[in-house]
Amino acid sequence: MVTLCWRPSVKGGGSRRGGDPNGRFKELMWYKDLGAHANGEFSMAVIQANNLMEDQSQLESGPLSSVKLGPHGTFIGVYDGHGGPETSQFVNSALFSNLRKFATEHQEISADAIRKAFLETEEEFLSLVKTQWHEKPQIATVGSCCLVGVICSGLLYTANVGDSHAVLGRVDKAAKSVAAIQLSTEHNASTESVRDELRLLHPQDSRIVVLKHNVWRVKGIIQVSRSIGDAYLKKSEFNQAPLLARFRLPEPFPEPILRAEPSISVHKLTSKDQFVIFASDGLWDHLSNEEVVDIVHNHPRNGIARRLIKAALHVAAKKREMRYSDLKKIDRGVRRHFHDDITVVVVFVEPYSMNRSSSRSSILSIKGGTPTSPKL
């Protein structure tokens, strides 16, 4: 039997396109096939594999600050939790509010405002860990990757910690082709440049990255080098009893091992830039950037996020020499042995929207992946 343990939330009139204002459920999947945002249309889908849903996501469209005549646009967030759902849930509730706060202070959307929003969210979560530490020490081992996109005033800001990533589809109409351009930087120890960065930051630690069971891991524990949360690898005070011994490092560390500093890129949108795919690594584990962009380019917008997840699941099933129809019968929890939670948000950008009056922007807030209780 396939059961779901989370519910999405939707607010705003802009969610009614496609006949499913609140999104729809099918087995372990929630999806919003087509909706409107301030700069075009979007499609969104999430499928659960873990017993507790660890992926969280949101799309916010309309005012990006608290100032009446301040910046308007679209915010996209994909938060891939690990060790539990607490951090990704927290980021899903706090990050956009923090961005609005700093955008209000700066009176604009900027890379610096986004960076400050990430670091503020990190500090708020670490403060939460401190208050819960003695009653719930395992919260120190929970963290989240965090991928954000902001479309505002003809610019696309992409910010990331962890190994989710965003890919731009740029169409060349003359050549009748589409190029896949990765916008975000991944922070995973499997990448040589990330290992080099860690060794540079920790020159006295010969075991800052360890090859364990043919997988590179930071301190032999975790693959990502940047995250929100993971307090036990940020502050030594959380790397001791009452934390379980298997999470503890043998010696205190003077500097944080993981960082929450996001990599940020700024891209000026052109008429050739058609869409952006934001997704957790569960999608990219099975499909390449080029495969994903080709699917989006060659199929209707309506339901495209769901189509991408289905394509990834077909590959996951094939890797295990089983049929897709049999994979679909496997319930959450056990399903994690075959694929991860997968979140996909496809955002289409209309050139005319770049110069549209901000006062006419649609207002929308949609979140997919709000957990309830674990399976007993």
Note to self: Can you give me the closest heavy-atom contact between Ser184 and Thr158, atom names plus distance?
What the structure shows: CB-CG2, 3.9 Å

Notebook entry, point to check: Going through the distances and angles, do Phe42 and Leu34 end up as a side-chain contact (heavy atoms from CB on, under 4.5 Å)?
Noted result: CA-CA 6 Å; Phe42 73 93; Leu34 196 65; over 6 Å; no

Item checked: side-chain contact (heavy atoms from CB on, under 4.5 Å) evaluation trace for Val293 with Ile277 -> CA-CA 8 Å; Val293 165; Ile277 304 106; 4.0 Å; yes

Acceptor/donor pairs from residues 243-255 side chains to any protein atom, 3.5 angstrom cut, sequence neighbours excluded:
| residue | atom | partner | partner atom | Å |
| --- | --- | --- | --- | --- |
| Arg248 | NE | Leu243 | O | 2.7 |
| Arg248 | NH2 | Leu243 | O | 2.8 |

Margin query: Within the structure provided, determine whether Val91 and Thr121 are in side-chain contact (heavy-atom separation under 4.5 Å).
Written below: yes

Notebook entry, point to check: Does Phe275 reach the side chain of Val178, with side-chain heavy atoms less than 4.5 Å apart?
Noted result: yes

Next item on the list: Please say whether more than 12 non-hydrogen atoms of neighbouring residues, nucleotides or ligands are located less than 6.0 Å from NZ in Lys130.
Entry: no

Check: Where do Ser280 and Val78 come nearest, in terms of heavy atoms and distance?
Finding: N-CG1, 3.7 Å

Notebook entry, point to check: What pair of heavy atoms forms the shortest contact from Ala231 to Val129, and how long is it?
Noted result: CB-CG1, 3.9 Å

Margin query: One thing to verify: whether Lys101 and Glu120 come together as a salt bridge, which I'm taking to mean a side-chain N less than 4.0 angstrom from a carboxylate O.
Written below: yes

Notebook entry, point to check: Taking Trp284 for the side chain and Ala279 for the main chain, is one N or O donor matched with an acceptor at less than 3.5 Å?
Noted result: yes

Next item on the list: Please confirm whether the backbone N or O of Asn50 pairs with a side-chain atom of Gln48, one donor and one acceptor, at under 3.5 Å?
Entry: yes

Notebook entry, point to check: Given side chains that start at C-beta, do those of His82 and Asp230 come closer than 4.5 Å, heavy atoms only?
Noted result: yes

Next item on the list: Verify the neighbour count for atom NZ of Lys319: are there more than 12 heavy atoms of other residues, nucleotides or ligands below 6.0 Å?
Entry: yes

Checklist line | Cluster link Met44 to Leu168, ILVMFWY, side chain under 4.5 Å | finding: yes

Checklist line | Donor-acceptor pair, side chain of Asp205 and main chain of His202, under 3.5 angstrom | finding: no

Margin query: Regarding Glu60 and Ser365, do their side chains bring together a donor and an acceptor under 3.5 Å, going by distance alone?
Written below: yes

Note to self: Between Leu283 and Leu308, is there a side-chain heavy-atom distance shorter than 4.5 Å?
What the structure shows: yes

Check: Ion pair present between Asp341 and Arg336, side-chain N to carboxylate O less than 4.0 angstrom?
Finding: no

Margin query: Before you tell me yes or no, could you show the steps for Leu313 and His339 under side-chain contact (heavy atoms from CB on, under 4.5 Å), namely the whole-Å CA-CA distance, both residues' side-chain angles and the distance that decides it to 0.1 Å?
Written below: CA-CA 8 Å; Leu313 296 186; His339 66 85; 3.5 Å; yes

Checklist line | Glu105/Lys116 ion pair, N-O < 4.0 Å | finding: no

Margin query: Under 4.5 Å between side-chain heavy atoms, counting indirect links through other Ile/Leu/Val/Met/Phe/Trp/Tyr residues: same cluster for Leu95 and Phe90 or not?
Written below: no

Check: When clusters are formed by joining ILVMFWY residues with side-chain heavy atoms under 4.5 Å apart, either directly or through shared neighbours, do Ile257 and Leu211 land in the same one?
Finding: yes

Check: Is the backbone of Asn239 close enough, under 3.5 Å, to the side chain of Ser236 for a donor and an acceptor to pair up by distance?
Finding: no

Next item on the list: State whether the side chain of Tyr232 and the backbone N or O of Ile139 hold a donor-acceptor pair below 3.5 Å, judged by distance alone.
Entry: no

Check: Is it true that the side chains of Gln89 and Tyr79 contain a donor and an acceptor less than 3.5 Å apart?
Finding: no

Next item on the list: Quick one: which residue pairs count as a side-chain hydrogen bond (donor to acceptor under 3.5 Å, both in side chains) with a foot in residues 187-200, not counting sequence neighbours?
Entry: Asp163-Asn188, His187-Ser263, Asn188-Ser190, Glu197-Arg226, Glu197-Arg259

Check: Where the side chain of Ser66 meets the backbone of Thr104, is there a donor-acceptor pair that is under 3.5 Å apart?
Finding: no

Checklist line | Full working for side-chain contact (heavy atoms from CB on, under 4.5 Å) between Lys235 and Leu126 | finding: CA-CA 9 Å; Lys235 296 186 177 183; Leu126 294 185; 4.1 Å; yes

Next item on the list: Mark yes or no for whether Ser65, through its side chain, and Val67, through its backbone, hold a donor-acceptor pair below 3.5 Å.
Entry: yes

Check: Should Ser88 and Asp55 count as side-chain neighbours, where that means a heavy-atom distance under 4.5 Å?
Finding: no

Check: Charged N to carboxylate O under 4.0 angstrom, Arg335 versus Asp331?
Finding: no

Note to self: Taking the side chain as everything from C-beta on, heavy atoms only, tell me whether Gln274 gets closer than 4.5 Å to Phe348.
What the structure shows: no

Check: Can you tell me how far the CD1 atom of Ile47 sits from the CD atom of Glu27, to the nearest 0.5 Å?
Finding: 8.0 Å

Next item on the list: Answer yes or no: is there an ion pair linking Arg301 with Glu350, defined by an N-O contact shorter than 4.0 Å?
Entry: yes

Margin query: Out of the candidates Asn92, Asp80, Thr343, only one should pair with Gln56 under the side chain to side chain donor-acceptor pair (under 3.5 Å) rule; please name it.
Written below: Asn92

Notebook entry, point to check: Would you call Arg306 and Asp33 a salt bridge, taking side-chain N to carboxylate O under 4.0 Å as the test?
Noted result: yes

Check: Same hydrophobic cluster for Phe278 and Leu269, using side-chain heavy-atom links shorter than 4.5 Å among ILVMFWY?
Finding: yes

Note to self: How long is the straight-line distance from CZ of Arg217 back to OG of Ser225, given to the nearest 0.5 Å?
What the structure shows: 13.5 Å

Item checked: Approximate separation, where rounding is to 0.5 Å, of Ser144 OG and Ile228 CD1 -> 7.5 Å

Checklist line | Matching residue for Asn98 among Glu124, Glu122, Glu123 - test: side chain to side chain donor-acceptor pair (under 3.5 Å) | finding: Glu124

Margin query: Rounded at 0.5 Å granularity, tell me how far CD1 in Ile76 sits from CG in Leu147.
Written below: 9.0 Å

Item checked: Same apolar cluster (I L V M F W Y, side chains within < 4.5 Å links), Leu287/Leu327 -> yes

Note to self: Tell me whether the count of non-hydrogen atoms from other residues, nucleotides or ligands lying under 6.0 Å of CD in Glu237 goes above 12.
What the structure shows: yes

Next item on the list: Consider only side-chain N and O atoms of Asp281 and His165, and report whether a donor and an acceptor are under 3.5 Å apart.
Entry: no

Notebook entry, point to check: Just by modelled atom types, is the Gly229 backbone N or O under 3.5 Å from a matching donor or acceptor in the Lys234 side chain?
Noted result: yes

Checklist line | Nearest-0.5 Å distance, CD of residue Gln204 to OG of residue Ser206 | finding: 10.0 Å

Notebook entry, point to check: Would Thr74 and Asn39 count as having a side-chain donor-acceptor pair, cut-off 3.5 Å?
Noted result: yes

Next item on the list: Without swapping roles, check the side chain of Ser43 against the backbone of Ala305 for a donor-acceptor pair under 3.5 Å.
Entry: yes

Checklist line | His299 side chain to Ile295 backbone, donor-acceptor under 3.5 Å | finding: yes

Notebook entry, point to check: Can you find a heavy atom in the side chain of His297 that is under 4.5 Å from one in the side chain of Ser177?
Noted result: no

Item checked: Minimum heavy-atom distance between Tyr157 and Ile109, given as atom pair plus value -> OH-O, 3.2 Å

Checklist line | pair Val167-Ile181: side-chain heavy atoms closer than 4.5 Å | finding: no

Notebook entry, point to check: Which heavy-atom pair separates Phe102 from Ala117 by the least distance, and what is that distance?
Noted result: CD1-N, 3.7 Å

Notebook entry, point to check: Would Arg24 count as a cation-pi partner of Tyr31, with NZ or CZ less than 6.0 Å from the six-membered ring centre and within 45° of the ring normal?
Noted result: no

Notebook entry, point to check: When rounded to the nearest 0.5 angstrom, what is the spacing between OG in Ser153 and CG in Leu64?
Noted result: 9.0 Å

Notebook entry, point to check: What's the shortest heavy-atom distance between Thr141 and Gln138, and which atoms?
Noted result: OG1-O, 2.7 Å

